[in-house]
There are 2 protein chains.
Amino acid sequence: MQAAMAINSLNRPHPSLIPTRSEVGRSDVDTAGKAGCGDCVLGKLCLPRIFTSLSQDSVRGHLNSLVRQNKALLKRKDVLFHQGHEFDSLYVVRTGAIKTVMLDENGTEHITGFHLPGDIVGLDGISTSRYATTAIALDSTSVCTLPFAALEKVASQVPDVQHHVFRIMAQEIQKDQHMMLTLGHRSAEQRLAGFLLRLSQHFQHRHLAADSFRLPMSRGEIGNFLGLAVETVCRILTRFQKIELLQTDGRSVSQLDIAGLKALMSTPVREL
Amino acid sequence: MQAAMAINSLNRPHPSLIPTRSEVGRSDVDTAGKAGCGDCVLGKLCLPRIFTSLSQDSVRGHLNSLVRQNKALLKRKDVLFHQGHEFDSLYVVRTGAIKTVMLDENGTEHITGFHLPGDIVGLDGISTSRYATTAIALDSTSVCTLPFAALEKVASQVPDVQHHVFRIMAQEIQKDQHMMLTLGHRSAEQRLAGFLLRLSQHFQHRHLAADSFRLPMSRGEIGNFLGLAVETVCRILTRFQKIELLQTDGRSVSQLDIAGLKALMSTPVREL
DNA sequence: CGTGCATTTGACTACGCTCAATTCCGGTGG
DNA sequence: CCACCGGAATTGAGCGTAGTCAAATGCACG
């Protein structure tokens, strides 16, 4: 199975980070999906962040042709794109969850982000024309494909679209900078509290319960992402349970005390 | 002096991070400068990253009109733009150095980046139409101003320009993600080694000595940026001197052992 | 020439990592 | 359907890196 191959090649450090494209092409994911994405292009579920406020028919036409029938279904551990492969598309997560993993020079894996429905993945590939990370599904996940060349074309014809793409990229920059702050200046407790709050917020925005949800990732992945050892993540979670900030059962989190976590966040920070 | 005011308001936590624009406008920097930026628009010194490979006269005209006479000179500690102020322009550092500082909810300062000649600052303002950081000159610094509205207009008319802007923003994303890795997964020694190497590389690209240069920022600023205490930065620098990886004299660094530092970087990393 | 910040060094502390062992859970095959 | 296996999660013990506090020195700017 090709997807499995891709995963394995991730696990053992690969000397050449630029494998050829063909071997693990987009063919390892189901590109069929249900037909007729048309109605979701401007809807909230599919491309909420890009196309809000775009409604002229001409634009709608452009965008529909862009994403129509460009859906893909991924199973857990399927690879959406691979670090070093030629960049050609962005993807919008529709359901499920995706992690992006960077393999550094030494062969160590670093998770650069978790991406939930509405998020866009692949932006890191634009600068070098090669994906800078590998995107892996954490769950059964469906995505919309946005061929970047086509997106650029539409963007150059419709200023609104161009503007939106700029904004989306700038949002990513802000998000990453915020993460830099977190990693550089906050304690393990605060990192985890912030992480949970961000997840909670995400679910709230989608009209789901903000205080009780399922984590799509393992403790190990959380730790890797936050720069903490697995054991630290565990210990802090149990500590949080003891002081009633939340309850956990495996990957389920419930009774999240949002105010309490926020209070933790505003605790005196390392001044440095 | 208005610039000083701006600095002070940074040092003590300001409840409202969105001050009015007028009080500390762009008027606190010398916008005059020498006339005739025309010849540097496509040159290596002024806008190297944006306009490489653009040479058609039409493009040149657009770009010249964009940046001509839009230069500003900053003195040490002058504020180029202020967090929360309305975003309108990007800036290209021509000479000197700039730091971007983010003031978080708790009033703590976090340095999100140092920007040397050729770097672009202000990208973080695009997403919200307000600058997300305050940009402060570390030295006497000159910048080119790129009014963003005008840049967007040119970008929508000239696909090459649009593409370049996308790339520049994606580069920033990659840079920030790399920083996330550094902060989350590397030891203090490795962070500092990486920091020095990046500086060294920057100077080398501009045909300056790679193994001997002046740091434009204080130890404290380095520490803040790297998520380390000032004392740690000092201690590691003296340690580096003891093992002959470099020599320091105040802010001057010399005899940088680039290979040695690189070796340090590839030392086993925390697995997490 | 003095005041104040930057830098350096030392002593001590503590947060979070490592190593190790156990338990829990999910998936797989009999 | 249950037993088994392997990875995930949890908990404990001990340690090390880097932070905190404190003090001395250096340096720049007024």
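Residue numbers start from 1 in every chain, and the chains themselves are labelled A, B, ... in the order their sequence lines are given, proteins ahead of strands. What you see is a predicted model; the values in this text were computed from it and never measured.
- In this structure the side chain of Leu192(B) reaches within 4.5 angstrom of the side chain of Leu226(B), judged on heavy atoms.
- Distance, Leu192(B) CG to dA18(D) P: 11 Å, rounded to whole Å.
- Here the side chains of Thr100(B) and Thr134(B) are not in contact, with every heavy-atom distance at 4.5 Å or above.
- A side chain to side chain donor-acceptor pair (under 3.5 Å) check over residues 227-250 of chain A, counting only residues at least two apart or in different chains, returns the pairs Glu189(A)-Arg239(A), Gln241(A)-Thr248(A).
- Rounded to an integer number of Å, the gap from CZ of Arg214(B) to P of dA6(C) is 14 Å.
- Rounding to whole angstrom units, CD1 of residue Ile222(B) and P of dA18(D) are separated by 16 Å.
- Taking CG from Leu138(B) and CG from Leu215(B), the interatomic distance works out to 11.0 Å, rounded to the nearest 0.5 Å.
- Put simply, the side chain of Lys99(B) reaches to within 4.5 Å of the side chain of Phe114(B), judged on heavy atoms.
- Between the CZ atom of Phe240(B) and the C1' atom of dT7(C) there is a distance of 17 Å, rounded to whole Å.
- Nearest-nucleotide assignment on DNA chain C puts the 5′-proximal partner with Ile236(A), out of Asp249(A) and Ile236(A).
- Counting any heavy atom pair closer than 4.0 Å across all strands shown, Gly223(A) reaches no nucleic acid atom.
- For the pair Glu189(A) CD and dA14(C) P, the interatomic distance rounds to 15 Å; values are reported in whole Å.
- The side-chain heavy atoms of Thr133(B) and Ile111(B), taken from C-beta on, include no pair separated by under 4.5 Å.
- Using a 4.0 Å cut-off between charged nitrogen and carboxylate oxygen, Lys262(B) and Asp257(B) do not count as a salt-bridge pair.
- Using a 4.5 Å heavy-atom threshold, the side chains of Arg94(A) and Pro117(A) count as separate.
- Between the P atom of dG19(D) and the CG atom of Leu226(B) lies a distance of 11 Å, rounded to the nearest Å.
- For the pair Arg239(B) CZ and dG10(C) P, the interatomic distance rounds to 13 Å; values are reported in whole Å.
- An angle of 50°, rounded to 10°, separates the two end axes of the helix from dC1(C)-dG30(D) to dG30(C)-dC1(D), each defined over five pairs.
- Remark: Arg251(B) does not engage Asp139(B) in a salt bridge, criterion side-chain N to carboxylate O under 4.0 Å.
- Atom CG in Asn224(B) sits roughly 13 Å away from atom P in dT7(C) (whole-Å rounding).
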Problem - Nucleic acid footprint by protein, nucleotides 4-11 of chain D - heavy-atom cut-off 4.0 Å, B for base, S for sugar-phosphate alone - result: -----SBB

